[in-house]
*Asks:* 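Before I ask anything, let me first share the structure, which is written out below as C-alpha cells.
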Amino acid sequence: METRLVMEKVEPEAYKAMFAMEKYLRTTDIAPLHKELIKIRASQINGCAYCIDMHTKDARKLGETEQRIYALNAWRETPFFSQEERAILALTEEVTLISHHVSDATYNTAIQVLGEKLTAQVMMAAVAINSWNRIGIATRMMPV
C-alpha cells in the first residue's frame, strides 16, 4: 500500500486546525499516559496502523508496559487497568463507536469516577484521535 496525498502539504490550514486541538489537549487534566491509552484504543478500533504505531511508542516512552499495551484491546478481561482507566477506556470506545451511542451507564460511570470536567476532556481527546485516525486511514499514512 502506498500513502496517498499528504494532508499537511495539500491543506496546511486544516492541519493547523487539528494541531490547535492538540494544543488544547496538552492543557487538560488528562494524565499523559491516559492520553496515550485513549489514542491507542481508538486507533485499534478504527484500524489506523500509523496511529497505533506512533502512540504505542509514545506510551512506552512514558513508562507504559508491554503487558498493558498488548492487553489493551481486551482491557475488560484483565486486572491491569484502574477504575479511572476503565472509565476512560469505556468512554473512548463508545465515543469511537458513536453509532451505538454513549450509554447512560458509561456516561454516568465516567461522571462518577472522573468528574464532569475530566469526562468532557476525555470526550474531546477521543474526538481528536478519531479525527486523526480518519485522516491517517483515508490518506493511507504508513508507520515507519
Side-chain angles (χ1 to χ4, degrees), residues 3-8 11-144:
T3 299
R4 295 175 172 163
L5 63 87
V6 177
M7 188 66 73
E8 185 175 14
E11 280 295 330
E13 291 303 312
Y15 232 66
K16 285 181 190 174
M18 291 295 296
F19 277 108
M21 175 66 90
E22 292 300 318
K23 184 177 178 183
Y24 152 74
L25 290 171
R26 285 193 296 272
T27 71
T28 66
D29 299 327
I30 306 170
L33 191 53
H34 291 168
K35 288 177 190 173
E36 295 307 322
L37 292 177
I38 292 166
K39 292 174 182 180
I40 296 166
R41 187 64 193 119
S43 299
Q44 288 174 330
I45 292 167
N46 289 324
C48 185
Y50 182 87
C51 292
I52 293 168
D53 182 66
M54 176 193 306
H55 297 297
T56 55
K57 289 174 182 173
D58 291 346
R60 284 185 195 98
K61 288 177 190 172
L62 291 171
E64 185 56 89
T65 66
E66 297 292 319
Q67 183 181 39
R68 282 173 33 111
I69 290 171
Y70 298 149
L72 190 54
N73 65 341
W75 62 268
R76 285 181 177 86
E77 283 73 41
T78 73
F80 309 144
F81 299 93
S82 70
Q83 180 184 23
E84 183 180 27
E85 290 167 336
R86 290 174 178 281
I88 288 168
L89 291 168
L91 187 57
T92 297
E93 287 183 355
E94 291 188 21
V95 169
T96 300
L97 299 167
I98 200 67
S99 64
H100 301 289
H101 302 279
V102 174
S103 70
D104 288 341
T106 295
Y107 175 81
N108 291 334
T109 297
I111 293 294
Q112 180 182 22
V113 173
L114 307 173
E116 195 170 64
K117 184 176 180 180
L118 189 55
T119 296
Q121 293 172 349
V122 169
M123 286 179 184
M124 293 308 297
V127 166
I129 190 58
N130 275 282
S131 295
W132 284 117
N133 287 166
R134 279 144 181 79
I135 292 168
I137 292 166
T139 62
R140 292 185 180 159
M141 292 174 70
M142 292 291 123
V144 288

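FYI, the numbering just counts along the sequence from 1. Below, all heavy atoms of this structure are taken into account, side chains as well, without hydrogens, waters or symmetry copies.
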*Asks:* Roughly how far, to the nearest 0.5 Å, is the CD atom of Gln44 from the OG1 atom of Thr56?
*Replies:*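 CD of Gln44 is found 9.0 Å from OG1 of Thr56.
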
*Asks:* Is there side-chain contact between Val6 and Thr139, with at least one heavy-atom pair below 4.5 Å?
*Replies:*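 Not in contact.
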
*Asks:* Heavy atoms only: give me the nearest Phe80-Arg68 pair and the separation to one decimal.
*Replies:*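 In terms of heavy atoms, the two residues are closest at O-NH1, 2.6 Å.
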
*Asks:* Evaluate side chain to side chain contact (heavy atoms under 4.5 Å, CB included) for Ile129 paired with His55, printing each intermediate quantity in order.
*Replies:* CA-CA 10 Å; Ile129 190 58; His55 297 297; 3.9 Å; yes

*Asks:* Rounded to the nearest 0.5 Å, what separation is found between the CD atom of Glu64 and the CD1 atom of Ile69?
*Replies:* 5.5 Å

*Asks:* Specify the closest pair of heavy atoms between Thr3 and Arg140, including all atoms of both residues, with the distance to one decimal.
*Replies:*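 Nearest heavy atoms, Thr3 then Arg140: OG1-O, 3.1 Å.
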
*Asks:* How long is the gap from CG on Asn133 to CE on Met141, to the nearest 0.5 Å?
*Replies:* 10.5 Å

*Asks:* Determine the minimum heavy-atom distance between Ala138 and Arg4, stating which atoms define it.
*Replies:* O-NH1, 2.9 Å

*Asks:* So, do Tyr107 and Met123 sit near enough that their side-chain heavy atoms are less than 4.5 Å apart?
*Replies:*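 A side-chain contact under 4.5 Å exists here.
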
*Asks:* Please report the closest heavy-atom contact between Ala128 and Met18, naming both atoms and the distance.
*Replies:*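 Scanning both residues, the minimum pair turns out to be O-CE, 4.1 Å.
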
*Asks:* Show the nearest heavy-atom pair for residues Val113 and Glu84, with the distance to one decimal.
*Replies:*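 Looking at all heavy atoms of both residues, the closest pair is CG1-CA, 3.7 Å.
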
*Asks:* Using the ring-ring contact (aromatic ring centres under 6.0 Å, His included) rule, collect all pairs that involve residues 11-38, keeping only residues at least two apart or in two chains.
*Replies:* Tyr15-Phe19, Tyr15-Trp132, Phe19-Trp132

*Asks:* What is the distance from atom CZ of Arg41 to atom CG of Asn46, rounded to the nearest 0.5 Å?
*Replies:*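 Rounded to the nearest 0.5 Å, the CZ-CG separation comes out at 10.0 Å.
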
*Asks:* Any sub-3.5 Å donor-acceptor pair from Arg86's side-chain atoms to Phe81's backbone N or O?
*Replies:* yes

*Asks:* Evaluate the criterion side chain to side chain contact (heavy atoms under 4.5 Å, CB included) for residue pair His100 and Glu94; output intermediate values, then yes/no.
*Replies:* CA-CA 7 Å; His100 301 289; Glu94 291 188 21; over 6 Å; no

*Asks:* Does anything in residues 111-128 form a side chain to side chain donor-acceptor pair (under 3.5 Å)? List the pairs, not counting sequence neighbours.
*Replies:*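 Qualifying pairs: none.
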
*Asks:* CD1 of Ile88 to CG of Leu37: how many Å apart, nearest 0.5 Å?
*Replies:*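 Those atoms lie 7.5 Å apart.
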
*Asks:* Minimum heavy-atom separation for Cys51 to Ser43, with atom names?
*Replies:* CB-OG, 3.2 Å

*Asks:* Find the distance between CG (Leu97) and CD1 (Ile45) and round it off to the nearest 0.5 Å.
*Replies:*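 Leu97 CG to Ile45 CD1: 4.5 Å, rounded to 0.5 Å.
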
*Asks:* When you check the gap from the basic side-chain N to the acidic O, do Glu22 and Lys39 get nearer than 4.0 Å?
*Replies:*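 Salt bridge present between Glu22 and Lys39.
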
*Asks:* Begin with the C-alpha distance, continue with both residues' side-chain angles, and end with the deciding distance and a verdict on side chain to side chain contact (heavy atoms under 4.5 Å, CB included) for Glu85 and Trp75.
*Replies:* CA-CA 9 Å; Glu85 290 167 336; Trp75 62 268; over 6 Å; no

*Asks:* Using modelled atom types only, decide if a donor and an acceptor are shared between the side chain of Asn130 and the backbone of Ala126 within a distance under 3.5 Å.
*Replies:* yes

*Asks:* Verify side chain to side chain contact (heavy atoms under 4.5 Å, CB included) between Leu89 and Leu72, making sure each step is shown before the conclusion.
*Replies:* CA-CA 9 Å; Leu89 291 168; Leu72 190 54; 3.8 Å; yes

